[in-house]
Every structure is written in structure tokens, then in C-alpha cells.
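So the structure is just underneath, and the comments pick up after that.
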Amino acid sequence: MSDFQLGEEFALAMDEGDALRKFRERFLFPKTANGNDCVYLCGHSLGLQPTAAAAYVEEELSDWARLAVEAHFRAKHPWMPYHRLLTEQTSELVGAQPVEVVVMNSLTVNLHLMMVSFYRPTRARHKIVVERGAFPSDQYAVKSQILFHGFDPATSLIELTPRAGESCIRQEDIEELIDRNADEMALILLGGVNYATGQAFDMERITQAGRKRGCVVGFDLAHAAGNLQLKLHEWGPDFAVWCSYKYLNGGPGCTAGCFVHERHAQAWDRPRFAGWWGHDERTRFEMPPDFRPMPGAEGWQLSNPPIVSLAALRASMQIFHEAGMPRLRTKSILLTSYLEFLLKDIRSNNFSIVTPAAPERRGAQLSIRIPHNGRLLCERLTRDGIIGDWREPDTFRVAPTPLYNSYHDVFQFVGKFRSALENPL
Ligand SMILES: Cc1ncc(COP(=O)(O)O)c(C=O)c1O
């Protein structure tokens with residue numbers, strides 16, 4: 001990795017030798033005013049549309065037009081078991097057994113469903129460990145669950161924070177906090193990758209530390225699914241949830257994912273919020289009054305799934321399947337390290353990289369802190385066809401994603417970023 005070079009020829013040569021380069025053509029890029037592709041570095045927020053998504057969606061619209069209700073059984077891909085078309089590829093993506101995953105609802109809904117089942121506080125054990133810098137929806141969900149159970153977030157919420165003067169949380173501090181609260185913790189809920197800093201957590205070690213102390217462990221993988229190589233079954237958290245509109249390119253508001261470890265696959269006695277689509281499919285249409293869940297993650301489904309949304313997601317999951325996470329992750333490490341290498345060549349005290357430097361402690365994203373006029377700079381880059389995103393108060397997030405970004409994208413971004421820093425408005 002230290003062999004990176006500063007010139008444009010290097011970027012072009014890297015693209016030339018990139019075995020994943022062909023996947024770029026399978027995505028639609030937003031255009032600049034003069035019709036060129038934008039440099040799109042925002043896959044951590046909303047992934048690009050696969051070129052095939054429209055055909056996948058059109059197929060379902062056409063079956064709906066042609067067959068209406070009969071499409072549940074007679075569509076080319078019958079709607080009744082349609083969600084299963086995603087099971088194999090989803091399990092492959094997150095390193096799970098098929099029985100452990102399901103695509104349903106949205107992320108925050110799934111998080112609540114998981115906490116209903118896996119956050120079972122008692123007077124002795126009622127605390128939830130989260131990052132202080134967790135995505136607000138997670139904070140709201142967790143606090144509302146604590147209140148729902150009659151506890152007080154002031155005493156039941158433990159927030160992990162970076163040390164003074166640092167931006168990211170140290171692994172040893174997580175483990176120390178778990179040790180210190182061992183007897184009172186009911187749930188550890190962390191992001192796989194923090195949305196603001198881009199820090200990736202050591203999910204395997206956190207799971208081990210939590211489970212050793214009898215604590216439930218769950219992850220929000222919104223920024224990790226399709227970004228990191230995940231081994232959920234092996235690592236052994238109790239549950240995980242993720243959305244599919246970021247790195248997974250499922251489209252805005254696309255149906256989310258949920259993992260429930262196999263050891264809970266037959267946990268019939270565990271409380272859960274139930275809906276008919278989670279009921280045993282063999283008797284679902286006999287409409288029995290009593291709920292009997294499907295084994296595994298499917299037993300947490302509530303409603304029949306949104307077929308059009310799942311259709312768009314299938315287009316992207318097919319591409320992930322062909323590219324494979326191991327190859328994507330290898331390229332991603334190189335691409336983000338190259339971005340870091342170019343950024344470090346810029347002499348300016350108006351920016352610093354917040355994301356950890358070690359590749360295993362981050363995914364594709366780098367969070368760049370820009371203390372002065374960062375928002376304006378970001379807006380100027382957008383006008384110039386460079387798309388990242390701004391998070392208040394001072395962070396510019398960019399993520400070269402290995403499926404559709406090139407080394408030349410990174411090169412172009414850094415060139416424009418450098419000139420915006422050197423020539424402030
Ligand atoms: C880390 C994280 N958690 C949760 C959410 C909320 O997702 P949703 O609106 O799909 O529930 C997001 C959305 O961006 C997120 O980044």
C-alpha cells in the first residue's frame with residue numbers, strides 16, 4: 001500500500017488492473033450539468049441504482065398488471081415466497097446461515113422488534129450499552145425501550161465515548177466498560193461502523209466480551225452491510241439489523257435486513273411482537289387465531305413484504321453475489337487507503353481525517369473534519385460534480401465504494417478538494 005503514487009497515471013493504471021472494474025457499468029451515475037458522470041462518493045448514504053433494477057421492478061409491475069392477485073402464485077417469481085429469493089444472497093453477504101436472515105420492514109422497525117425480544121430488563125440487569133455518537137434513531141429507539149419497560153435512561157443507558165481529545169472509541173475502553181457493568185448490563189447495541197466517524201468496531205471481540213458476561217449483543221449494521229466482510233454466525237451476536245439503501249443499493253427506503261442467531265431459531269417462548277407473515281407458513285392461510293412462529297429470523301416478520309422494493313434489491317444483491325464480499329473488501333481497503341494517501345499529501349490545517357488509520361478499524365468511508373467553512377466547501381464540491389455528504393457540525397463524509405468507484409474517481413475528488421481548500425471562497 002505504500003506503493004501508491006501521486007500522479008493521475010497511477011490511478012488510471014490501477015483501474016486498468018482492477019478485476020472488479022466491469023461492475024461500474026452496472027450502475028447509473030448522476031450527471032453534472034455538462035453531462036459527465038458525477039464523482040459519486042456517497043454510497044454510505046444512498047447507493048446508486050443498478051441498471052438492472054428497472055427491469056426487475058418492471059417484471060413485478062407487469063405481473064401485477066397481467067395477473068393481479070394470481071401473481072402471488074403464478075408470477076414468474078411468485079410473490080408468496082418472494083422474500084426467499086433474497087435469503088441465500090443475504091446470508092452470504094453477512095456471513096450467516098439462511099435460517100438466520102430475513103429481509104423485512106425498515107431498520108428502526110427491526111431494531112425495535114429485536115429489542116422487544118432480546119431486551120428483557122430485570123431490576124438487576126437493565127442497562128443498555130450504546131455509543132454516545134450512535135445514529136439518533138438508535139438512541140431514540142433504545143431510550144424509548146428503556147422507558148417502555150419502566151426504567152429510566154438516566155440510570156439504564158450507558159454511553160461509550162471517545163477519550164478527551166480523541167474522535168474514536170478505543171477497543172480497550174469498550175471491554176473495560178463491559179467488565180465494569182458486567183452484572184447490570186442487559187444489552188450491548190453498537191454499530192458495526194459508526195456513521196459519523198467511519199470507525200469499524202471489532203464485532204467479534206465485543207460479542208465475546210458481552211456474551212461471556214451473560215449479556216445480549218446486537219449490532220446496527222447500516223454502515224457495515226455490503227461494506228465490511230461480516231461473519232455474523234461465527235461471531236455469534238444475538239441479532240443484527242441493517243438497511244439496504246446505503247452500500248446495498250436497494251433504493252430509497254428499501255426493505256431492511258435482520259439477523260437472528262441460529263441458537264434462537266426455535267426460541268418459541270421468547271416474547272415477540274407477532275404478525276401473520278411470521279406465522280408458520282404451513283398453516284398461515286388457515287388463518288388460525290393463535291400465533292405459531294416460523295423457525296428462525298422469518299418468525300419475526302410482521303407483514304407480507306413490499307414486492308417492488310424487494311425486486312429492486314434483488315438487482316443489487318445479484319451483483320454482490322457475482323463480485324463477492326472478499327474481493328470487494330480487498331479492493332475497498334486499497335481504494336480507501338489510496339484516498340487517505342492522496343489526502344495526506346495536502347498541506348492544510350483546515351482538515352483532518354477522523355476515521356481510524358488502520359484498515360481493519362474502518363470500512364470504505366473516510367470522515368474528514370473541516371473546522372472552517374466546511375459546509376460551503378462541500379456545497380462547492382457538489383456544484384463541481386463531487387458528491388459526498390456533510391454532517392454537522394464539521395464533518396465531510398466520503399466513501400469510495402468498491403462496486404462502482406474507480407481509483408480515478410478518488411484522484412479527481414482529491415484534486416478538487418485540494419483546490420477548494422487552497423482557494424477558499
Ligand atoms: C446507523 C444508522 N442506524 C439507523 C438508521 C435509520 O434507518 P431507517 O430510517 O431505515 O430506520 C440509519 C439511517 O441512515 C443509520 O445510518
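Counting convention: from 1, in listed order, for ligands and their atoms alike.
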Protein residue, atom and distance nearest to atom 14 (O) of ligand 1, heavy-atom basis
Lys246 NZ, 2.8 Å
Check whether the side chains of Ser309 and Thr255 place a donor and an acceptor atom closer than 3.5 Å, and report yes or no.
yes
Report yes if some N/O of Ser106 lies less than 3.5 Å from some N/O of ligand 1; otherwise report no.
no
Contact atoms of ligand 1, heavy-atom distance to Asp138 under 4.0 Å:
3 (N), 4 (C)
Once rounded to the nearest 0.5 Å, what's the spacing between atom CE of Met115 and atom CG of Leu187?
7.0 Å
What about His223: any of its N or O atoms under 3.5 Å from an N or O on ligand 1?
yes
List every atom of ligand 1 that sits less than 4.0 Å from any heavy atom of Asp220, numbering the atoms from 1 in the order shown and giving each element.
1 (C), 2 (C), 3 (N), 4 (C)
Under-4.0 Å salt bridge between Glu204 and Lys231:
no
Cation-aromatic face contact Arg397/Tyr195, 6.0 Å, 45 degrees:
no
Please say whether Tyr195 places an N or O atom under 3.5 Å from an N or O atom belonging to ligand 1.
no
Tell me which one of Trp242, Phe135, Tyr140 gets a heavy atom nearest to atom 5 (C) of ligand 1.
Phe135
Among all protein heavy atoms in this structure, tell me which lies nearest to atom 11 (O) of ligand 1, with the distance rounded to 0.1 Å.
Thr108 OG1, 2.5 Å
Which residue owns the protein heavy atom closest to atom 10 (O) of ligand 1, what's the atom, and how far is it?
Tyr245 OH, 2.7 Å
In terms of heavy-atom contacts, Tyr338 and Ala11 come closest through OH-CB, 3.4 Å
Answer whether the closest heavy-atom distance between the side chains of Leu93 and Leu248 falls below 4.5 Å.
yes
With a 4.5 Å heavy-atom cut-off, do Met104 and Glu298 have their side chains touching?
no
